[in-house]
Protein chains: 2
Amino acid sequence: MRIGELAARTGVSVRSLRYYEEQGLLTSSRSVSGQRHYTEAEVERVRFIQRLYAAGLSSRTISDLLPCVDTPSEGNSDAALERMAQERNRLSEHIDELVRTRDALDGLMATARAHRESEVLAHRVRARRGSGEGTSAPRVPES
Amino acid sequence: MRIGELAARTGVSVRSLRYYEEQGLLTSSRSVSGQRHYTEAEVERVRFIQRLYAAGLSSRTISDLLPCVDTPSEGNSDAALERMAQERNRLSEHIDELVRTRDALDGLMATARAHRESEVLAHRVRARRGSGEGTSAPRVPES
DNA sequence: CTAAAACCTGACATCAACGTCAGAGGCAAG
DNA sequence: CTTGCCTCTGACGTTGATGTCAGGTTTTAG
């Protein structure tokens, strides 16, 4: 397939695909007229690249690791394996931090809800003193 | 405290602190001569801002949410609560994606290790045919 | 054949979160 | 008062991934 189709199928812009090639993350066979052609395998590869980007890896780091993906031979696998382990740990730490931040957000939301509830109750008290019920349980969805 | 101390205690550069104020994420009382002064509370606030940044939120988004942190009143809490829930979900999806990426990295590492092991075994076979044992089980640590 | 659509290279633009520098003023200690 | 350190504003530089545009070639549809 040509670059437009790859872009459409991966959701990545044509510009980015060319940039990936420029950075050595992606290769293409060229037709005689110089147009890039890709195989099905490149679809998955581009998606993986995107996920590594989303994981916070730089293109430099990705290009360090991707050869290891292509040809898991002994030449690269020794040094690159350590590099991968290192990046994996960074990623793991990052995940932990994000989870803690999510927990903090949950805490804030709970506080905000509590404030809202208390105000709603105050309104109701002002409206009619001592209402029996009529309001369904204040469903506070969990994590 | 003045800005230098806040920077030292949070590990954030002086430049960044001024930038935060410029973006409306942080406020300071000014001395007559115009110097910024902060209280202890700002230390925690800066750390929280950092974590939101690390969670991938933009300064714009953070400034949308932080008022809700400051004054959890009904004025902001209604719209901002939805915003927070939305960001929380984005964060959650992001975390899931990172976990999947980490799993993918684990898979790659396992593959690389397998290749290395097989080569090591090949070497040993070439060295002496039919060794009984002596190699402990090829420990492939799990996620 | 011809026009539209897709592609090429190369270059400059953008955006966010900073770094860095210049020039000027504030503040405590000697 | 001077020396040294901290702070101020304002402006320009940086980096990485990408947008965008120009000017030209190739492919495709009619």
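In what follows, every chain begins at residue 1, and chains take the letters A, B, ... in the order their sequences are listed. From a predicted model like this one, the values you see are computed outputs, not experimental measurements.
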| query | Do the ring centers of Tyr53(A) and Tyr20(A) come within less than 6.0 Å of each other? | reply |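 Yes, close enough.
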[X] [atom1] - [N] [atom2] separation (whole Å):
X: Glu5(B); N: dC5(D); atom1: CD; atom2: C1'; answer: 15 Å
X: Arg30(B); N: dG25(C); atom1: CZ; atom2: P; answer: 17 Å
X: Leu17(B); N: dT7(D); atom1: CG; atom2: P; answer: 10 Å

| said: At under 4.0 Å between heavy atoms, how does the protein contact nucleotides 13-30 of chain D? Give one character per nucleotide, 5' to 3', with B, S or -. | reply: ----BBBB-----SS---
| query | Can you find a side chain N or O atom of Arg36(B) that sits less than 4.0 Å from OP1 or OP2 on dT9(D)? | reply |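 Yes, Arg36(B) has a side-chain N/O under 4.0 Å of OP1/OP2 on dT9(D).
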| task | Flag yes if more than 12 heavy atoms outside Arg47(B) fall under 6.0 Å of its CZ atom; otherwise flag no. | result |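 Result for CZ/Arg47(B): enclosed.
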| Checking Glu44(A) side chain against Ala41(A) main chain: does a donor-acceptor pair fall under 3.5 Å? |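 Absent.
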| task | Could you tell me whether the side chain of Ser16(A) and the main chain of Val12(A) form a donor-acceptor pair under 3.5 Å? | result |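 Answer holds: no.
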| request: Check whether the side chains of Gln35(A) and Arg30(A) place a donor and an acceptor atom closer than 3.5 Å, and report yes or no. | output: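 Note: Gln35(A) and Arg30(A) side chains miss the donor-acceptor criterion.
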| query | Can you tell me if Ser28(A) and Glu21(A) form a side-chain donor-acceptor pair at under 3.5 Å? | reply |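 Side-chain D/A pair, Ser28(A) to Glu21(A): present.
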